[in-house]
Asks: 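Take this structure first; my questions come after.
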Amino acid sequence: MSTPTTPAANEIRAVVQRYAQAWAANDLKAIVDCYHDEVVFHYFGRSPLAGTHRGKAACLAVLKQVKERTNRRLVAIRDVLAGEHFGLIVAVEQFEHQGRPVELERQLRYAVKDGKLSECWIYDEDQRWVDEVLSSPAAQKSSSGSPT
């Protein structure tokens, strides 16, 4: 099956690719600029951060909390995909837990509106482990980090 080349798919691909490049470059200004003001994040699982976060400020706050609890960093972007309705980034990130770094694959599905990322669903390779990391008391006491 080939990748759609409609105007909608092309726009989605361009926006998601721009975000992936900013993320890979750790360009915080460009990352934040990719988010729509009314962006919505959906975190799955049972951690204290699970749920729906609405608006750029709320989404940046949850990203900061994830960073603080995991010292997360991007290892690699494996794929950037786009279709008629959604774009997808398949990424490998490193989380730290109990002093030990662990890599996991994450799939981030995006909707696009007005040339910006308007909605994101985060699918983790091992949701139970991510819930454990985000719920652990040691993770909640961490205090450094920035949204990426």
Side-chain angles (χ1 to χ4, degrees), residues 1-97 101-135 139-140 142 144-148:
M1 178 164 44
S2 63
T3 303
T5 57
T6 65
N10 289 339
E11 177 190 14
I12 290 169
R13 174 174 289 288
V15 172
V16 175
Q17 186 65 49
R18 183 172 67 242
Y19 178 74
Q21 290 169 342
W23 189 13
N26 197 30
D27 183 341
L28 296 179
K29 181 183 180 331
I31 289 168
V32 172
D33 287 347
C34 287
Y35 296 132
H36 194 282
D37 287 342
E38 298 171 5
V39 67
V40 177
F41 282 4
H42 303 276
Y43 275 85
F44 298 105
R46 298 177 183 271
S47 81
L49 303 182
T52 300
H53 306 271
R54 297 181 185 281
K56 192 183 277 191
C59 291
L60 292 175
V62 76
L63 285 173
K64 182 178 181 191
Q65 289 180 53
V66 171
K67 175 73 172 176
E68 289 173 347
R69 293 172 186 222
T70 65
N71 196 28
R72 75 185 266 241
R73 72 172 186 83
L74 179 66
V75 173
I77 293 180
R78 289 202 171 139
D79 283 304
V80 176
L81 308 164
E84 282 295 305
H85 306 285
F86 300 102
L88 181 78
I89 293 177
V90 180
V92 176
E93 290 192 79
Q94 178 181 289
F95 281 19
E96 287 183 20
H97 183 55
V102 175
E103 290 185 4
L104 71 147
E105 185 176 280
R106 307 181 89 197
Q107 296 179 14
L108 299 102
R109 181 176 58 140
Y110 295 99
V112 171
K113 177 181 169 185
D114 303 328
K116 301 218 178 213
L117 301 174
S118 62
E119 198 158 5
C120 179
W121 296 261
I122 298 100
Y123 300 95
D124 290 304
E125 175 181 19
D126 187 342
Q127 187 64 59
R128 285 185 189 166
W129 184 81
V130 170
D131 284 344
E132 179 184 330
V133 173
L134 294 177
S135 299
Q140 294 176 25
S142 179
S144 65
S146 61
T148 56

Asks: Hey, what do you get for NE2 (His97) to CG (Leu134), rounding to the nearest 0.5 Å?
Replies: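 Here the rounded value is 10.0 Å.
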Asks: State the CZ-CD distance between Phe41 and Glu119, to the nearest 0.5 angstrom.
Replies: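 Reported value, rounded in 0.5 Å steps: 10.5 Å.
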Asks: Which one of Lys56, Lys113, Arg54 satisfies the salt bridge (Lys or Arg N to Asp or Glu O under 4.0 Å) criterion with Asp37?
Replies: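 One option only clears the test, and that one is Lys56.
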Asks: Heavy atoms, side chains only, cut-off 4.5 Å: are Leu49 and Val62 in contact?
Replies: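 When only atoms from C-beta onward are counted, Val62 and Leu49 do touch, with a gap below 4.5 Å.
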Asks: Kindly give the heavy-atom pair with the smallest separation between Thr5 and Asn10, and that separation in Å.
Replies: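 Between these two residues, the closest heavy atoms are O-ND2, 3.4 Å.
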Asks: According to ring pair (Phe, Tyr, Trp, His ring centres under 6.0 Å), who are the partners of His53, at least two apart in sequence or on a separate chain?
Replies: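 Scan of His53 (ring pair (Phe, Tyr, Trp, His ring centres under 6.0 Å), adjacent residues dropped) gives Tyr43.
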Asks: When you compare the side chain of Arg128 with that of Glu132, does any pair of heavy atoms fall below 4.5 Å?
Replies: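 They are not in side-chain contact.
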Asks: So how far is it from Arg78 CZ to Arg106 CZ, rounded to the nearest 0.5 Å?
Replies: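 One finds 13.5 Å between CZ of Arg78 and CZ of Arg106.
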Asks: So how far is it from Tyr110 OH to Tyr19 OH, rounded to the nearest 0.5 Å?
Replies: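 It is 4.0 Å, given to the nearest 0.5 Å.
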Asks: First locate atom SG of Cys59, then atom CD of Glu38, and finally report the distance between them rounded to the nearest 0.5 Å.
Replies: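 Taking SG in Cys59 and CD in Glu38, the distance rounds to 11.5 Å.
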Asks: Only counting residues at least two apart or in another chain, list the ones meeting side chain to side chain donor-acceptor pair (under 3.5 Å) with Glu96.
Replies: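 Counting only residues at least two positions away or on another chain, Glu96 forms a side chain to side chain donor-acceptor pair (under 3.5 Å) with Asn71.
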Asks: Go through the steps to decide whether Lys116 and Val39 satisfy the test side chain to side chain contact (heavy atoms under 4.5 Å, CB included), and finish with yes or no.
Replies: CA-CA 9 Å; Lys116 301 218 178 213; Val39 67; over 6 Å; no
Asks: Could you tell me the separation between the CG atom of Leu88 and the CG atom of Asp79, rounded to the nearest 0.5 Å?
Replies: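 Spacing of CG (Leu88) from CG (Asp79) equals 8.0 Å.
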